[in-house]
Q: 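Below you will find the structure I want to go over with you.
A note on names: the letters A, B, ... follow the listed sequences, proteins ahead of strands, and every chain is numbered from 1.
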2 protein chains.
Amino acid sequence: MEKKLTLKTLAKELNVSVSTVSKSLSGSKEISTAMKEKVQKLAKQYNYTPHPIARSLKMRRTSNICVLIPNILANFFAEVLMGIEEEASKHGYNIITIITGESYEKEAKNIHLFLNGAVDGFIVSIAKETQETQKFDHFQKAIDVGYPMVMFDRVADEIHCDKIVIDDFNITYNTTKDLIDSGCRNIIFISTINKTSVGKLRIKGYTAAIKERKKELAAPVVLEMKNFQEYKVKLSGYLDENEVDAIISADELSAVYALNIVNSKGYKIPEEISIVGFTDGILPENSTPPLTTIDQKAVKIGKTSVNTLIKRLNSEESTSYTTQVIEAELVERQSTIISKGGIKTT
Amino acid sequence: MEKKLTLKTLAKELNVSVSTVSKSLSGSKEISTAMKEKVQKLAKQYNYTPHPIARSLKMRRTSNICVLIPNILANFFAEVLMGIEEEASKHGYNIITIITGESYEKEAKNIHLFLNGAVDGFIVSIAKETQETQKFDHFQKAIDVGYPMVMFDRVADEIHCDKIVIDDFNITYNTTKDLIDSGCRNIIFISTINKTSVGKLRIKGYTAAIKERKKELAAPVVLEMKNFQEYKVKLSGYLDENEVDAIISADELSAVYALNIVNSKGYKIPEEISIVGFTDGILPENSTPPLTTIDQKAVKIGKTSVNTLIKRLNSEESTSYTTQVIEAELVERQSTIISKGGIKTT
DNA sequence: GTGAAAGCGCTAACAT
DNA sequence: ATGTTAGCGCTTTCAC
């Protein structure tokens, strides 16, 4: 390691005190313009930047944000993370990423780990296991000891904090109506995340739309799978024994798996069975046929989360918490025949 | 924020000095067993953990690792990040993730940003732009000022540091030979990353295998695309005017795009055209037909990177730099008819 | 306008 | 065995 460059170095070089250098660098008006220029010139020449750790200790802020994400392989979360990283970087914040792997234990352990000053706040999407077991104490603890927290997508009503979501109920409700309008009469709902906050809302939206026109339609059917191995058995079996002409999937992979199963059983998509998935990305774009999906505006969710957290960090008084709803959008491709005017096609 | 819990708090409570508490907590044998137990009990009761920033300042180490990754939407990099996060977490390190977006500027800017003590070292896979322009000064600078660095996948021969790679030449060479053995005679190579270190090696491996049996085979053809829009035009055009019975793609998306184009032109896969891609994941598993790919063992690369960096951080003497080669594996699915014994099939 | 000094919370060399 | 002290690099109050 090179000899370290500190305020002291600069001070010695200029024969002034450390505090003069510090103040000059921060542009304090206590200092003469001449001195400020002299100091700043030297600092630039030496390429000086303050030691962030020392600065953090003194200032009691780290410029670090802890991001807890269930699963980085999911396109949605990866895109959110991109948005978070980009926006955080723009505002001078670093992100410390924890991939919880949907595990309560890892989530709780890490929250506690960061309750001692290593980060300024949290951005989190709750692990599936946590949402199933409804154990939210770790979040409450973080908030109680004073850490700002922003939840996105998978949020908890029980926790009082800023939240960024899409209107899961309405987008699913509307999409289901679109499918009905396009002629589908036996619409089923499948996912692996029925127990999550968003999964529940999506089920409600789907069910509401079906119930509204229940005379014409088959009753709502919600299939839940624990993992994707189950699809091959359960969905396949269901299709054998029931009339189905549309499938709504509440997560990004379920739709693709459903599509493969439907394809392999020889059904024509979308003529015989329509399929809609959640989360846009490379996968639905490149399936055969390309999948109609609900674009959750992941990047925007990420950016909004960061900005909301930063605002919270910079405001002294505690204004009341907000839940911001990001507008989602149906992206129609070839797995449906909704084909209304004005809908984006890729 | 609650009243802060520091060594001082504990010291006051027990009527001992701060240093006694500190030493007790670290299990120093200078301290009597009785005192150590008393202190540790109280610390546990209060759930005390040392302030990491203060500790960092004193110890001159942060337990933070900066990870620079070109693109988090690529399955390969996402998996590497998973491996990194898991292993880092296990060893008490936090990871600060920078997504360079293949941009030299963002990469260089962030490296410089972290040269002042915010992290202990770097794990990096070089941005495409950086590899094209061959500007590596920022890496050299980081190493010069004393930061350990581990490069993975996209590495630079010009930079002297620890590296984790797969044997890109040989895996591509062997795969090309497999295709030849399976009867393919007009094998072309496509990718968007021909200018990266790994892209170059893969081209070499491909070319070497073809040249070895050039009498029977069409000459090597390497197509380069800047982006995926180009595929629709260039690859489609190429297929119209040339005999092609196998496509090797050096990146994970190219193979999927190629597959879609080949499908849409009505060629039978693999009977008329075989396709092999790089990087295993959800996408190739779920294309139609499922894609044969080269599994780059991304998670293992991530874990190995972390362990290599940590070893470097903990060793005083500077042992010579190593390049570790992780064993890649061909995963055969239905886009090829290589079908040799012993190859894993999913 | 500039400098001295305190202190953020911690560790460790050096007393006692 | 325990305490005192110095100091990591910085900001900021207070003195001059």
Side-chain angles (χ1 to χ4, degrees), chain A residues 1-40 42-43 46-64 114-120 145-146, chain B residues 1-40 42-43 46-64 114-120 145-146:
Chain A
M1 194 80 66
E2 257 178 15
K3 80 281 178 192
K4 62 220 164 279
L5 181 62
T6 71
L7 286 181
K8 213 160 143 187
T9 324
L10 300 179
K12 210 164 280 175
E13 188 103 353
L14 293 166
N15 273 313
V16 295
S17 77
V18 171
S19 60
T20 302
V21 177
S22 172
K23 286 170 186 166
S24 298
L25 257 23
S26 65
S28 161
K29 53 186 175 181
E30 286 180 29
I31 305 292
S32 70
T33 323
M35 176 61 88
K36 277 195 274 197
E37 279 171 1
K38 210 165 65 175
V39 172
Q40 285 168 2
L42 190 71
Y46 281 3
N47 224 323
Y48 169 83
T49 54
H51 189 122
I53 302 295
R55 199 162 202 281
S56 292
L57 183 60
K58 183 68 190 172
M59 308 293 278
R60 328 190 113 266
R61 54 187 291 281
T62 62
S63 293
N64 290 157
F114 284 105
L115 256 33
N116 57 7
V119 301
D120 294 343
V145 302
Chain B
M1 195 79 64
E2 257 177 14
K3 80 282 177 191
K4 63 219 165 281
L5 180 62
T6 70
L7 287 182
K8 213 159 142 188
T9 325
L10 300 179
K12 211 165 279 173
E13 187 101 355
L14 293 166
N15 274 312
V16 295
S17 77
V18 171
S19 63
T20 302
V21 178
S22 172
K23 286 172 187 165
S24 299
L25 258 23
S26 64
S28 161
K29 52 185 176 184
E30 285 181 31
I31 306 293
S32 72
T33 323
M35 177 61 90
K36 276 193 277 197
E37 278 170 2
K38 207 165 65 174
V39 172
Q40 285 167 2
L42 190 72
Y46 281 3
N47 224 324
Y48 169 83
T49 54
H51 189 120
I53 303 295
R55 198 161 203 282
S56 291
L57 183 60
K58 183 67 190 176
M59 308 293 280
R60 327 187 116 267
R61 55 187 292 282
T62 62
S63 295
N64 289 157
F114 284 105
L115 256 33
N116 56 8
V119 301
D120 294 343
V145 303

Q: Return the 5'-most residue of the pair B/S26, B/I53 with respect to DNA chain C, ranking by each residue's nearest nucleotide.
A: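 Between the two, 5'-proximity favours B/I53.
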
Q: Testing A/L10, A/L7, A/I31 for side-chain contact (heavy atoms from CB on, under 4.5 Å) with A/S22, which one passes?
A: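 Running side-chain contact (heavy atoms from CB on, under 4.5 Å) over A/L10, A/L7, A/I31 with A/S22 returns exactly one hit, A/L7.
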
Q: What I want to check is whether the side chains of A/S28 and A/S26 have a donor and an acceptor closer together than 3.5 Å.
A: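 A/S28 vs A/S26: no donor-acceptor pair found between side chains.
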
Q: Mind running a 4.0 Å heavy-atom check of residues 28-40 of chain A against DNA chain C and sending the residues that fall below it, in number order?
A: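 Hits under 4.0 Å, by residue number: A/E30, A/I31, A/S32, A/M35.
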
Q: Could you list where the contact with chain A starts and ends along DNA chain D, reading 5' to 3', using a 4.0 Å heavy-atom cut-off?
A: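 In short, chain A contacts DNA chain D from D/dG9 to D/dC14.
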
Q: Rounding to a whole Å, what distance do you find between B/K58:NZ and C/dG7:P?
A: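 Whole-Å distance recorded here is 18 Å.
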
Q: At less than 4.0 Å, is any side-chain N or O atom of B/R55 found next to OP1 or OP2 of C/dG9? Yes or no.
A: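 For C/dG9, OP1/OP2 do not have a side-chain N/O of B/R55 under 4.0 Å.
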
Q: If I take atom NZ in residue B/K8 and atom C1' in nucleotide C/dA6, what distance separates them, rounded to the nearest angstrom?
A: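 Going from B/K8 (NZ) to C/dA6 (C1'), I get 11 Å.
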
Q: Round to a whole Å and report the spacing from CZ of B/R61 to P of C/dG9.
A: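 My rounded result for the distance is 21 Å.
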
Q: Do B/N116 and A/P50 come close enough that some side-chain heavy atom pair is under 4.5 Å?
A: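 SC-SC contact between B/N116 and A/P50 ruled out.
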
Q: Quick one: does A/T9's side chain get under 4.5 Å of A/Y48's, heavy atoms only?
A: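 They are not in contact (no side-chain heavy atoms under 4.5 Å apart), so the answer is no.
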
Q: Does the side chain of A/T6 come within less than 4.5 Å of A/H51's, by heavy atoms?
A: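 Answer no - side chains too far apart.
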
Q: How large an angle, rounded to 10°, do the end axes of the helix from C/dG1-D/dC16 to C/dT16-D/dA1 enclose when each is built from five base pairs?
A: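 The value is 60°.
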
Q: Quick check: on DNA chain D, is the nucleotide nearest A/M59 upstream (toward 5') of the one nearest B/M59, or the reverse? Name the residue that is more 5'.
A: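 The answer here is B/M59.
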
Q: To the nearest angstrom, how far is B/K4 atom NZ from C/dG7 atom P?
A: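 Going from NZ in B/K4 over to P in C/dG7 covers 13 Å.
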
Q: Is a side-chain N or O of B/S56 found less than 3.5 angstrom from the main chain of B/R61, in a donor-acceptor match?
A: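 Looks like yes, one N/O pair under 3.5 Å.
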
Q: Quick check: do B/D120 and B/N64 have side-chain heavy atoms less than 4.5 Å from each other?
A: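 A side-chain contact is absent here, since even the closest heavy-atom pair is not under 4.5 Å.
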
Q: Would you indicate whether the side-chain heavy atoms of A/K36 and A/E30 approach each other to under 4.5 Å?
A: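 No, every pair of side-chain atoms sits at 4.5 Å or beyond.
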
Q: Residues in side-chain hydrogen bond (donor to acceptor under 3.5 Å, both in side chains) with B/S63, at least two apart?
A: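 Not a single residue meets the side-chain hydrogen bond (donor to acceptor under 3.5 Å, both in side chains) criterion with B/S63.
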
Q: Is any side-chain nitrogen or oxygen of B/R60 closer than 4.0 Å to OP1 or OP2 of C/dT11?
A: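 Result: no.
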
Q: Before giving the answer on side chain to side chain contact (heavy atoms under 4.5 Å, CB included), spell out for A/K23 and A/K29 the whole-Å C-alpha distance, their side-chain angles and the decisive distance to 0.1 Å.
A: CA-CA 8 Å; A/K23 286 170 186 166; A/K29 53 186 175 181; over 6 Å; no

Q: Check each residue of residues 17-25 of chain B for a non-hydrogen atom within less than 4.0 Å of any atom in DNA chain C, then write out the ones that pass by number, or none.
A: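 The answer is B/V18, B/S19, B/S22, B/K23.
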
Q: Hey, what do you get for CG (B/L115) to CG (A/L5), rounding to the nearest 0.5 Å?
A: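 Going from CG on B/L115 over to CG on A/L5, the span is 12.0 Å.
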
Q: Go through the structure and list residues passing salt bridge (Lys or Arg N to Asp or Glu O under 4.0 Å) with A/E37, not counting sequence neighbours.
A: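 With neighbours one apart ignored, the set is empty.
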
Q: Taking the side chain as everything from C-beta on, heavy atoms only, tell me whether B/M35 gets closer than 4.5 Å to B/Q40.
A: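 They are not in contact (no side-chain heavy atoms under 4.5 Å apart), so the answer is no.
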
